[in-house]
Amino acid sequence: PTDTVYGVACLAQDSGAVRSIYSLKGRNGAKPLAICVGDVDRLYRYCHVNVPDELLRDLLPGPVTLVLKRSEELNKDLNPFTSLVGVRIPNHPFIRELARACCGPLALTSANVSSRASTLTVSEFQDLWPQLSLIIDGGPIGDVQSPECRLGSTVVDLSVSGKFTIIRPGCALTSTVEILRQKYGLTPESS
């Protein structure tokens, strides 16, 4: 369980485990995986941060994925086609404690077959169970009847100084954009 939807995670520094996630989800190998850490302090090891620490702490932990430049510390087999990486710190005690207990970041993605709806209960991804080492049932996440609850995190690219780009609106778009624009004066990158 995370603060948005159910996720599938593995050690991001383990190339075989990363390949297994792509296989499990039937995911396009060119679609990046995010990393998950337990605390803001830990993301500095895996990312080059060009925004104030306070901005990170205003958005994380929470239902936001921040896209930053990756550092040399990060497994070269994780998203080898991009110099960027999404970082997630879900506001959920279980996944944060799990991330803190691991020696490196987790690779984290939604617990569903690619292109299918995100899952809010463990039974919704039972077709994946035989391929998983462990399933943690944290109960239903949000309102299972609400399509908005399946949106996942808001994904925002902060890799260009002074700018932001919304990659996926997700469930926290309005509050995220408000913080970035009003509190930090960042401007939307025109596409």
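What you are looking at is a predicted structure, and each value in this text was computed from that prediction instead of being measured.
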Could you walk me through whether Val8 and Leu132 pass the side chain to side chain contact (heavy atoms under 4.5 Å, CB included) check?
-> CA-CA 9 Å; Val8 175; Leu132 299 173; 4.1 Å; yes
In terms of hydrophobic clustering (I, L, V, M, F, W, Y; side-chain heavy atoms under 4.5 Å; direct or indirect links), are Leu68 and Leu180 co-clustered?
-> yes
Is there side-chain contact between Cys10 and Val18, with at least one heavy-atom pair below 4.5 Å?
-> yes
Begin from the C-alpha positions of Ile167 and Val156 and carry the test side chain to side chain contact (heavy atoms under 4.5 Å, CB included) through to its verdict.
-> CA-CA 6 Å; Ile167 296 172; Val156 60; over 6 Å; no
Min side-chain heavy-atom separation Pro61-Arg96 under 4.5 Å = yes
Decide yes or no for Asn79 and Leu33: does some side-chain heavy atom of the first lie under 4.5 Å from some side-chain heavy atom of the second?
-> yes
Mind checking whether Leu66 and Leu173 sit in one hydrophobic cluster, side chains of I, L, V, M, F, W, Y counted as touching below 4.5 Å?
-> yes
Under the side chain to side chain contact (heavy atoms under 4.5 Å, CB included) rule, what do Ile35 and Leu74 come out as? Steps first, then yes or no, please.
-> CA-CA 10 Å; Ile35 62 169; Leu74 198 55; 4.1 Å; yes
Determine the minimum heavy-atom distance between Thr2 and His92, stating which atoms define it.
-> O-CD2, 3.5 Å
Between Val122 and Leu98, is there a shared hydrophobic cluster once you connect ILVMFWY residues whose side-chain heavy atoms come closer than 4.5 Å?
-> no
Can a salt bridge be assigned to the pair Arg116 and Asp127 using a cut-off of 4.0 Å between side-chain N and carboxylate O?
-> yes
Contact check, side chains of Val155 and Ile166, non-hydrogen atoms, under 4.5 Å = no
Does some side-chain heavy atom of Val87 sit less than 4.5 Å from a side-chain heavy atom of Arg42?
-> no
If you take all heavy atoms of Pro1 and Ile95, which pair is closest and at what distance?
-> O-CB, 3.8 Å
Thinking salt bridges, do Lys163 and Asp157 make one under a 4.0 Å N-O criterion?
-> no
Shared hydrophobic cluster for Leu106 and Phe94 (ILVMFWY, side-chain gaps under 4.5 Å) = yes
Taking the side chain as C-beta and beyond, is there a heavy-atom pair between Val177 and Phe164 under 4.5 Å?
-> yes
With sequence neighbours excluded, what pairs up with Gln182 under the side chain to side chain contact (heavy atoms under 4.5 Å, CB included) test?
-> Glu178
For Leu158, which of Val49, Leu55, Val67 qualifies under side chain to side chain contact (heavy atoms under 4.5 Å, CB included)?
-> Leu55
Please, which pairs that meet ring pair (Phe, Tyr, Trp, His ring centres under 6.0 Å) have at least one residue in residues 2-48, sequence neighbours excluded?
-> Tyr6-Phe125
Is the closest side-chain heavy-atom distance between Arg27 and Ile21 below 4.5 Å?
-> no
How far apart are the C-alpha atoms of Arg57 and Asp41, what are their side-chain angles, what is the distance that settles it, and do they pass the side chain to side chain contact (heavy atoms under 4.5 Å, CB included) test?
-> CA-CA 10 Å; Arg57 294 175 192 279; Asp41 296 340; 2.4 Å; yes
Of all the heavy-atom pairs spanning Leu108 and Pro90, show the shortest one and how long it is.
-> CD2-CG, 4.2 Å
Heavy-atom pair of closest approach, residues Leu78 and Ala107 | CD1-CB, 4.2 Å
Option among Ser114, Ser110, Ser115 that satisfies the side chain to side chain donor-acceptor pair (under 3.5 Å) test with Lys25 = Ser110
Path from Leu11 to Val37 over hydrophobic side-chain contacts below 4.5 Å = no
Can you find a heavy atom in the side chain of Lys69 that is under 4.5 Å from one in the side chain of Val85?
-> no
Distance-only criterion, 3.5 Å: show the donor-acceptor pairs between side-chain atoms of residues 133-142 and protein atoms not counting sequence neighbours.
from   : atom 1 : to     : atom 2 : distance (Å)
Asp137 : OD1    : Gly139 : N      : 2.8

For the residue pair Val40 and Ile89, what are the closest heavy atoms and their distance?
-> N-CD1, 3.4 Å
Is it true that atom CZ of Arg100 has more than 12 heavy atoms of other residues, nucleotides or ligands lying nearer than 6.0 Å?
-> yes
Side-chain ion pair, Asp143 and Arg150, N-O less than 4.0 Å = no
Closest non-hydrogen atom pair, Ser15 against Asn75 = OG-ND2, 3.2 Å
